[in-house]
Undergrad: 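I'd like to ask you about the structure that follows.
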2 protein chains.
Amino acid sequence: MPRLTAIYRIRSDAAGIEARARGLAVEQSVEMPVEAIDDATVLAEIVGRVDDVRALGQGVFEVRIGLAVATTGAEPGQLLNMLFGNSSIQDDVVLHDVELPADLARGFGGPNHGLAGLRRRCGADGRAMTCSALKPQGLSAGDLALLARRMAEGGIDFVKDDHGLADQGYSPFAERVRAVTGALAEVARATGRRTCYVPSLSGDLDAMRRQVALAREFGVDAVLIQPMVAGVANFHALVRASPDMAFMAHPAMAGAARIAPPLLLGRLFRMLGADATVFPNFGGRFGYSPETCRALAEAARMAYHGLGPSVPVPAGGMTTERVAGMLDFYGRDVMLLVGGALLSARERLAEHAAAFVRQVAGHGYGQIA
Amino acid sequence: MPRLTAIYRIRSDAAGIEARARGLAVEQSVEMPVEAIDDATVLAEIVGRVDDVRALGQGVFEVRIGLAVATTGAEPGQLLNMLFGNSSIQDDVVLHDVELPADLARGFGGPNHGLAGLRRRCGADGRAMTCSALKPQGLSAGDLALLARRMAEGGIDFVKDDHGLADQGYSPFAERVRAVTGALAEVARATGRRTCYVPSLSGDLDAMRRQVALAREFGVDAVLIQPMVAGVANFHALVRASPDMAFMAHPAMAGAARIAPPLLLGRLFRMLGADATVFPNFGGRFGYSPETCRALAEAARMAYHGLGPSVPVPAGGMTTERVAGMLDFYGRDVMLLVGGALLSARERLAEHAAAFVRQVAGHGYGQIA
């Protein structure tokens, strides 16, 4: 029976780790006393198997557990459930990585557009892409559209909603999409350059479907979604049902999951169809290390069971001063998201956006760190 | 403008806490440099407000932040997003509690059946309810039905699916519901006592809807759901669209969220419609303390903006030896879930289930701890 390998990191002492690893294997599979199981197939195939235990030092052990693919099937929520559902409640363990059979991973489909598709959308051949965010929430659709217009005049490739923008009374989704797409179309007519609007989806699957359909009517071909709030199965269902839409994944509620960011935001979101994945860059408002960010970007882009690459989008308090360093660190296959720092330019927003765009376009690229 | 109060606990030194609290208030509201905001209404109403900072000792501070209800609306996912979306990525902070305006909380509706409704379903007047779980996954629908039959013969009130049971090939949802309900109906005819089957939902909203509809055809009137895997908005949509169904919430993926369990599993799941909420009891396989469990049970049952009480379901490695203590600890308004320990009785399952049921029925109840 085909198996996947879940890789956990557990805090434990050497004396207790073997038993703890076995306990984890049971918790994430049959979740009952093994000695009470008669069924030979269940004992042989379904009960989680501890394949390896390795000391990493400082009282941390890496444990590899084999789980039957039959227990997850190709259902994203059930995959998450089998990988970390109950163990998420045990705070001595982190889900570090997972190795999936190629056909299982490929079955999820991955990004419909990914790196190449997003580049095509904005003609960013051979260079990094630029992105900014519409905020603060509380502004009217018209005011947000004005910001979008300035960003577009500056030549930004993608203008996304702040993930806090939902369907609030002060800026309903439909009104916002109409206003922002209208403003961007005018700029495009004047400059001949297209800026893509990426509105943020919210609500249950039905509501998100309606939002996708409405956005489509206004020519929108990319949306922002929060997979850990929407539910990974709903995220995946939307992606598969919307082959024309590019999906940018936002890490809201993902950070707390004690699942290694490169796995969750990089590999899993990509596997489920994220064309781009937003994550907090090191040195910003969040605690990720350069190593974590590099691993995340690699998980999003590296060859993986034939699935298309997803675009890493480092963000979270980035400024134009950091652009050169980020491009040297991440290389060309990246989308740089600078939000608040551009908005701080206020009436000179278009100008600062243009400077940001020039910086990215003209970057020489040092040797990639 | 009406506000809700998000209560966080932050690790910090005294010198840094004021700035950290302000940063958190901005992160969870406008998420941009406040000095770059011109709009007077946004500054006055939308920007998060630090209402109080209190030292709790050991380098932990409690911070109360006021957020405009207009930013969340009555949308469960957006509420979660505004309460903890980005902060979830900052590991110095825990979402400890939230105070909502009565009309916002009431608007979510809460449990359709709750404590009284579940008691009615199984005629458990004035006593605690009993529950057991069908596992291990890997068994066929027929074998699971056999276990359900024995549990019903023992007089268990609720027989739930292990949350690992989804729609796997070895026991498809439809086949399982048919087999288990058939077995329980036979026992009911023989004993005149009804045991309620609680099958586990999985997949995206459409799949869960189909499962609810199918279960309904077989007379099922209670289902198990994992709100943090399904997405809270989808959970809520299902509850509101299925007034005949009782919903038992499972904590899968919830434990890792760094949201205080009494808030997430107790208050929020209840507010969104959980009729019963399963959580790991102290002294089992998980790390919750008695204080956390008591607070969780109270959050599920206490008067809260006129919403019906939800039933606390302590679980996670419980044994019949612990029944008396749990009843003294939680009182009558509880459902006791004993799974693996009963299954360990194998062919004497019905007998052990009956003993469990007698224990609960005959318990004297000491003074509630």
Side-chain angles (χ1 to χ4, degrees), chain A residues 27 30-33 36-37 39 41-42 45-46 70-71 73 75 77-78 80-82 84-86 88-91 135-139 143 162-164 166-170 202-206 226 229-231 233-234 237 251-253 255-258 280 285-287 339-340 343-344 346, chain B residues 27 30-33 36-39 41-42 45-46 70-71 73 75 77-78 80-82 84-86 88-91 135-139 162-164 166-170 202-206 226 229-231 233-234 237 251-253 255-258 280 285-287 339-340 343-344 346:
Chain A
E27 191 68 59
V30 292
E31 204 196 323
M32 68 175 283
I37 301 174
D39 189 284
T41 314
V42 172
E45 305 288 355
I46 304 298
T71 63
E75 200 280 283
Q78 178 63 6
L80 202 59
N81 188 26
M82 293 308 299
F84 207 50
N86 270 13
S88 73
I89 307 173
Q90 301 173 317
D91 66 8
K135 38 189 173 179
Q137 62 172 312
L139 292 186
D143 288 344
D162 173 25
H163 79 291
D167 195 19
Q168 296 102 335
Y170 43 70
S202 63
D204 61 31
L205 180 57
D206 294 335
Q226 304 161 43
V229 175
N234 302 288
M253 281 305 300
R258 271 205 349 275
R285 300 194 308 271
F286 302 86
L343 294 166
S344 300
R346 296 161 176 249
Chain B
E27 192 67 59
V30 292
E31 203 196 324
M32 68 175 281
I37 300 175
D38 301 314
D39 189 284
T41 313
V42 172
E45 304 289 356
I46 304 297
T71 63
E75 201 279 282
Q78 179 63 6
L80 201 58
N81 188 26
M82 293 309 298
F84 207 49
N86 270 12
S88 74
I89 307 174
Q90 302 173 316
D91 66 7
K135 38 188 174 181
Q137 61 172 312
L139 293 185
D162 174 25
H163 78 291
D167 196 19
Q168 295 102 337
Y170 44 71
S202 63
D204 61 30
L205 179 57
D206 294 336
Q226 304 161 42
V229 175
N234 301 287
M253 281 306 299
R258 270 205 349 273
R285 301 193 307 271
F286 302 86
L343 293 167
S344 300
R346 298 162 176 249

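Numbers restart at 1 for each chain; the letters A, B, ... are given by sequence-line order, proteins then strands.
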Undergrad: Give a yes or no on whether the backbone of A70(A) and the side-chain of Q168(B) come within a donor-acceptor separation of less than 3.5 Å.
TA: no
Undergrad: Give the minimum heavy-atom separation between P280(B) and I89(A), together with the two atoms involved.
TA: CG-CG2, 3.7 Å
Undergrad: Taking only residues two or more places apart in sequence, or in another chain, which ones meet D91(A) in a salt bridge (Lys or Arg N to Asp or Glu O under 4.0 Å)?
TA: none
Undergrad: Could you tell me which non-hydrogen atom of P136(B) sits nearest to which non-hydrogen atom of V42(A), and how far apart they are?
TA: CG-CG1, 3.8 Å
Undergrad: I'd like to know if the side chain of N81(B) reaches the main chain of A252(A), judged simply by a donor and an acceptor atom lying under 3.5 Å from each other, with no hydrogens or angles considered.
TA: no
Undergrad: Against chain A, label E27(B) side chain, backbone, both or neither, depending on which of its atoms sit under 4.5 Å from a heavy atom there.
TA: side chain
Undergrad: Identify which part of T41(B) has an atom lying under 4.5 Å from any heavy atom of chain A, answering side chain, backbone, both or neither.
TA: neither
Undergrad: Check I46(A) against G138(B) and note the closest heavy-atom contact, atom names and distance.
TA: CG1-CA, 3.8 Å
Undergrad: How far apart are the closest heavy atoms of E31(B) and K135(A), and which atoms are they?
TA: O-NZ, 2.8 Å
Undergrad: Taking all non-hydrogen atoms of both residues, which atom of S344(B) and which atom of P33(A) are closest, and how far apart?
TA: OG-CG, 3.5 Å
Undergrad: Using non-hydrogen atoms only, which part of Q137(A) is less than 4.5 Å away from chain B: side chain, backbone, both, or neither?
TA: both
Undergrad: Which region of D167(B), side chain (C-beta onward) or backbone (N, CA, C, O), has a non-hydrogen atom less than 4.5 Å from a non-hydrogen atom of chain A, or is it both or neither?
TA: neither
Undergrad: Hey, what do you get for CE (M253(A)) to CG (N86(B)), rounding to the nearest 0.5 Å?
TA: 11.0 Å
